[in-house]
Structures are given as structure tokens and as C-alpha cells.
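Remarks on the structure that follows.
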Amino acid sequence: TESSRTSPSRLPKLNFPMFDGDNPKLWISRCQDYFELYYVEPYRWIKLASMHFSPSAGRWLQSVERKLKSVEWLEFCQMILDRFGKNHHELLFRHLFHIKQLTTVADYIERFLELVDQLTAYETHTDQLYYTMRFVDGLRGDVRSAMLIQHPPNLDTTCVLALLQKEVSDVD
């Protein structure tokens with residue numbers, strides 16, 4: 001009907017996000033968005049969320065199921081972060097220490113920024129200088145040298161300059 005298409009409260013049906021143990025902070029945020037969009041009563045949040053665990057994450061859920069009857073959403077989220085988040089956070093840092101430009105500058109930028117975005121979800125304060133230095137350290141020698149000379153002020157500028165440097169060196 002015409003009124004259902006124009007009603008601001010009508011939303012398309014979205015699937016509830018599945019949890020496979022990966023990126024728990026994002027999953028929790030997506031759950032909360034879902035609950036808000038569909039006006040789900042808070043007392044139903046844990047039950048609804050727990051129905052959307054993959055088999056591997058579900059094994060952990062089964063091990064804590066008895067505790068779930070007496071916890072609130074925030075405590076449930078903390079349990080998930082304690083189990084899945086710490087290892088994920090550490091793994092992301094390990095990747096940050098070892099990420100290198102393997103192919104194109106554009107590919108390296110995409111992989112590096114994906115990593116930074118995931119790490120930023122775990123941090124209350126991000127050190128742009130640190131990320132900028134790690135980015136430059138991972139570049140191949142010719143591009144890295146140019147970045148060190150230009151001394152860019154932040155990660156975004158460094159990414160743009162790295163792309164431009166590669167473009168200029170390809171023209172020569």
C-alpha cells in the first residue's frame with residue numbers, strides 16, 4: 001500500500017547478524033543496531049543473540065549457557081569480548097607489526113587501513129603518529145624513502161603521498 005511505502009517506521013526486514021567468533025566488537029554493535037531498529041525488548045537480547053552463533057562459537061556459548069540465565073546484556077557482551085576479543089585484538093597487533101607492501105601501494109593501503117579500522121574499535125585513544133610510522137615502515141624501499149623525506153603529518157596524507165609517489169615513479 002501507499003502508506004506502508006512512505007511510513008518512516010517501516011524498515012525492510014534485515015537478518016540478525018551471525019556470530020562466528022570473529023570481530024566481536026563489530027558483532028555486538030550490529031546486534032545493538034538491530035535491537036534499536038526493531039524495538040526489541042532488552043530482556044530478549046541475550047536469547048535472540050545466542051540463537052545466532054555459528055557452530056564453532058556455539059560450542060563456547062554452550063559452555064556458559066547456565067550462567068546466561070542470571071546475566072544482563074552488558075555482562076554477556078563482556079563475556080564474549082573476554083573469550084573472543086582479547087585474542088582477536090592481539091592477533092590484529094601481530095598483523096600490524098608484520099604487515100608489508102607485497103604488491104601495489106593501493107593494495108597495501110587497503111590492507112593497512114582495514115587493520116587500523118579493526119584495531120581502532122578496541123582502543124579509546126589512537127596514536128596517529130604510530131600508525132603513520134608503521135605504515136611507512138611497511139612500504140617497499142623506493143616509496144618508503146620518499147615518504148621519510150616528505151615527513152607527512154598523518155596517515156591519510158601518507159597514503160595519498162604514497163600513491164602519488166608510486167604514480168610519479170611509474171611515469172619515469
Side-chain angles (χ1 to χ4, degrees), residues 1 4-5 7-128 130-135 137-140 155-156 158-159 162:
T1 68
S4 66
R5 278 186 291 206
S7 171
S9 64
R10 304 282 301 188
L11 294 172
K13 181 65 178 157
L14 300 173
N15 292 327
F16 194 89
M18 287 295 295
F19 183 62
D20 61 4
D22 194 34
N23 208 345
K25 293 224 22 146
L26 179 63
W27 181 78
I28 290 168
S29 176
R30 292 294 171 261
C31 289
Q32 291 170 331
D33 289 344
Y34 185 95
F35 299 146
E36 182 181 314
L37 285 171
Y38 290 106
Y39 303 101
V40 177
E41 301 282 341
Y43 74 91
R44 295 182 178 183
W45 291 9
I46 293 174
K47 183 66 84 177
L48 181 59
S50 66
M51 296 172 74
H52 294 87
F53 275 57
S54 72
S56 60
R59 284 190 290 276
W60 168 81
L61 182 66
Q62 188 175 19
S63 75
V64 298
E65 211 160 26
R66 278 180 262 136
K67 293 179 187 176
L68 297 183
K69 293 177 180 16
S70 64
V71 301
E72 300 287 328
W73 175 253
L74 290 178
E75 188 178 347
F76 178 63
C77 293
Q78 190 58 55
M79 291 167 67
I80 291 170
L81 291 172
D82 288 346
R83 170 60 174 88
F84 299 98
K86 288 182 180 171
N87 291 340
H88 189 251
H89 193 194
E90 289 173 14
L91 182 63
L92 291 171
F93 264 115
R94 288 188 208 291
H95 287 305
L96 186 67
F97 293 141
H98 300 290
I99 191 168
K100 299 274 186 227
Q101 179 189 350
L102 302 173
T103 58
T104 65
V105 171
D107 173 66
Y108 174 63
I109 290 171
E110 183 177 328
R111 290 185 305 115
F112 191 89
L113 292 179
E114 178 183 336
L115 194 52
V116 168
D117 289 343
Q118 290 181 58
L119 279 165
T120 302
Y122 287 95
E123 300 165 358
T124 55
H125 174 72
T126 58
D127 187 346
Q128 284 298 309
Y130 176 75
Y131 287 137
T132 302
M133 291 170 44
R134 282 297 314 132
F135 177 82
D137 286 347
L139 288 165
R140 282 197 287 224
L155 184 58
D156 291 335
T158 306
C159 291

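Side-chain atoms are counted along with the backbone in the values below, which use heavy atoms only and exclude waters and symmetry mates. All residue numbers in this chain count up from 1 along the given sequence.
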Separation of [Y] [atom2] from [X] [atom1] (nearest 0.5 Å):
X	Y	atom1	atom2	answer
Gln128	Thr120	CD	OG1	7.5 Å
Phe97	Leu115	CZ	CG	10.5 Å
Met18	Met51	CE	CE	11.0 Å
Asp127	Arg134	CG	CZ	13.0 Å
Leu81	Leu74	CG	CG	10.5 Å
Asp82	Glu75	CG	CD	10.0 Å

Heavy atoms only: give me the nearest [X]-[Y] pair and the separation to one decimal.
X	Y	result
Trp60	Ser63	O-OG, 2.5 Å
Pro17	His52	O-CB, 3.6 Å
Ala57	Phe19	CB-O, 3.6 Å

_Using ring centroids (six-membered ring only for Trp), state whether Phe84 and Trp27 fall under 6.0 Å._
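Ring-ring flag for Trp27/Phe84: false, centres at least 6.0 Å apart.
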_Between Trp73 and Phe35 (judged by ring centroids, cut-off 6.0 Å), do the two rings come close enough to count as a pair?_
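When the ring centroids of Trp73 and Phe35 are compared, they turn out to be within the sub-6.0 Å range.
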*So, the side chain of Tyr108 versus the backbone of Phe135: is there a donor-acceptor pair under 3.5 Å, distance only?*
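Present.
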Taking C-beta and beyond as the side chain, do [X] and [Y] meet within less than 4.5 Å on heavy atoms?
X	Y	value
Glu114	Gln118	yes
Leu68	Val71	yes
Leu102	Arg111	yes
Leu61	Phe76	yes

*Applying ring-ring contact (aromatic ring centres under 6.0 Å, His included), name anything that partners Tyr130, two or more places apart in sequence or on another chain.*
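None.
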